[in-house]
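Worksheet: the structure to be examined is printed underneath.
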Protein chains: 2
Amino acid sequence: MADIEPRYVLVQSHLRDGIKSGQWTVGDRLPSEAELVAQFGVSRMTVNRALRELEQEGLVRRQQGAGSFVAPLERVASTLVIRDIHEEIAARGHRHEAEPLQMGERRARRQEAERLGLETGARIFHSRILHRENGLPLQLEERLVNPACAPDYLQQDFRRITPTAYLLQVAPLTGADYQIEAVGASVEDAAALGLQAGDPCLVIERRSRSPAGTVTWVRLVHPGQRHLLKGSFEA
Amino acid sequence: MADIEPRYVLVQSHLRDGIKSGQWTVGDRLPSEAELVAQFGVSRMTVNRALRELEQEGLVRRQQGAGSFVAPLERVASTLVIRDIHEEIAARGHRHEAEPLQMGERRARRQEAERLGLETGARIFHSRILHRENGLPLQLEERLVNPACAPDYLQQDFRRITPTAYLLQVAPLTGADYQIEAVGASVEDAAALGLQAGDPCLVIERRSRSPAGTVTWVRLVHPGQRHLLKGSFEA
DNA sequence: CAGTGGTCTAGACCACTAC
DNA sequence: TAGTGGTCTAGACCACTGA
């Protein structure tokens, strides 16, 4: 049934099981590399790799000269994935529709220029698209785009490809910042999403960077009760 | 100034820089291990480690027999950290106060029992605590606790230690699930937080597991404009 | 088939920590 | 000072991919 596991994985499983079962608990010292070498009959490099990877996961804390310890998981850290809205809806087996409300170019106001790392007055593209899941408004996408990174942005048919997907294609991503907050819907947001002004919305703002600079800034507004971010982690 | 970097880090920096600068872009093949060995004059194990770690970060995709490639970063993934409220406020250099509003034990209703993985009617502890930052309400913490995991929960002084910190101390964490949403404040939430009912709030729900089972379920309500989750990632 | 990555070893030297 | 982890080497054998 099970493939034969690499030996470093066996060492990891042994430690993970001990932590999950409570044999070792937060702050406890784990066996030293030398002890694990003896116990498993493997080389030190193998044991070292096993422990190093557990450290990267955040499960173990290692200290030179002292030993390896069960890490305090006080910081509930987990990988949060922000997915393309089309993929997300498709993954639920639902129908996704995108309605471009507005597209064009203009001179950047100060705040807009800051968001893209450009000078005030620079030419920028903007778009405003409503995404529906099975006909119900799920996300209002308000986006600024750096023309230098995606000169053909305005010629795309965003009923067929999401801006996220298109931009990833033309401008490889090398980094991003984002923030998540709860905000009352503005009058415009409410009108587009079919809400009352002030209704709670989950808002994600994200700035994406590529080798050539900031590609795009986007603000995603979701009706509070129709969108969740979920995550988990496991020892 | 700079410490001398380990050699595997030098290899990583070289690859990272090439990706950030656009020398290699999504899907491109990176130099093989053998080529990097020759280029840097290090052993293959060192190069292997450098590439393996970049793969764990999600920056590189490796395929046996084929090569190492620049990974598509389509899924904006990043580590989201949910920190203890006391730490978070202290880190900002502000004053944290906790006001226990309610504490006690009761029989679990169906939903409460589900949240803790217990039977309906089981004895559970509950608490409701308001956290202030420099006097301003920042978080309303509503919590259910499994008495089997923390029998002395109700005897604690939560003005001095947060429930999060206490529970981590008595019941080591081995996993958690959480979800984040935007919700309008209920009448009770609004009263505690000094808001109007319906005002947007960022709500985090989290269930924490330990070797003995589900330790606690918590619902953290934050005034929308006073709490953000931030994150970033970098190639 | 030649080239790639996946794993592993048995040493080595070093920096750090605790006693 | 003895024990710990941090790094590194120069080999090795294997499984896999692509021409």
Side-chain angles (χ1 to χ4, degrees), chain A residues 1-16 18-19 23-73 235, chain B residues 1-16 18-19 23-73 235:
Chain A
M1 182 210 86
D3 281 334
I4 47 161
E5 301 280 7
R7 303 188 193 181
Y8 73 91
V9 174
L10 295 180
V11 177
Q12 288 175 339
S13 302
H14 175 252
L15 296 171
R16 247 190 265 273
I19 293 173
Q23 175 188 351
W24 298 297
T25 179
V26 174
D28 283 1
R29 213 187 116 177
L30 297 170
S32 71
E33 294 192 355
E35 286 166 332
L36 291 168
V37 163
Q39 184 175 345
F40 284 87
V42 297
S43 77
R44 203 191 133 207
M45 272 300 273
T46 301
V47 163
N48 181 274
R49 174 174 175 180
L51 282 162
R52 190 164 13 92
E53 289 188 0
L54 291 179
E55 184 180 34
Q56 282 176 327
E57 280 180 35
L59 196 59
V60 165
R61 183 179 57 82
R62 310 190 74 196
Q63 194 183 356
Q64 193 174 93
S68 300
F69 305 84
V70 179
L73 293 188
Chain B
M1 182 206 84
D3 282 333
I4 46 161
E5 301 281 5
R7 302 186 193 182
Y8 73 92
V9 173
L10 295 180
V11 177
Q12 289 175 339
S13 302
H14 175 252
L15 296 170
R16 247 190 264 271
I19 293 173
Q23 175 186 351
W24 298 297
T25 179
V26 174
D28 283 0
R29 213 186 116 176
L30 297 169
S32 71
E33 294 192 353
E35 287 167 332
L36 291 168
V37 163
Q39 184 177 344
F40 285 87
V42 298
S43 77
R44 205 192 130 207
M45 273 299 274
T46 301
V47 163
N48 181 274
R49 173 173 176 181
L51 282 163
R52 190 163 16 90
E53 289 188 1
L54 290 179
E55 185 181 33
Q56 283 177 327
E57 280 180 35
L59 196 59
V60 165
R61 183 179 57 81
R62 309 190 75 198
Q63 193 182 356
Q64 192 174 92
S68 301
F69 305 84
V70 179
L73 293 187

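- Applying the side-chain hydrogen bond (donor to acceptor under 3.5 Å, both in side chains) rule to A/Ser43 yields the partners A/Thr46; only residues at least two apart in sequence or on another chain are considered.
- Applying the salt bridge (charged side-chain N to carboxylate O under 4.0 Å, His left out) rule to A/Arg7 yields no partners; only residues at least two apart in sequence or on another chain are considered.
- With sequence neighbours excluded, the residues satisfying side-chain contact (heavy atoms from CB on, under 4.5 Å) with A/Thr25 are A/Asp28, B/Pro172.
- A/Gln39 meets the side-chain contact (heavy atoms from CB on, under 4.5 Å) test with A/His14, A/Leu36; sequence neighbours excluded.
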Bracket string, DNA chain C, 5' to 3' - pairs by Watson-Crick or G-U geometry under 3.5 Å, | interstrand:
|.||||||||||||||||.
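- Scored by the side-chain contact (heavy atoms from CB on, under 4.5 Å) test, A/Ala66 finds A/Gln63, A/Phe69 as partners (sequence neighbours excluded).
- Residues satisfying the salt bridge (charged side-chain N to carboxylate O under 4.0 Å, His left out) test with A/Arg62, not counting sequence neighbours, are A/Glu33.
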If a protein heavy atom is under 4.0 Å from the base, mark B; if only from the sugar-phosphate, S; if neither, -; do that for nucleotides 2-11 of chain D going 5' to 3'.
-BBBBBBBB-
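- Considering only residues two or more places apart in sequence or on other chains, B/Arg29 meets the salt bridge (charged side-chain N to carboxylate O under 4.0 Å, His left out) condition with none of them.
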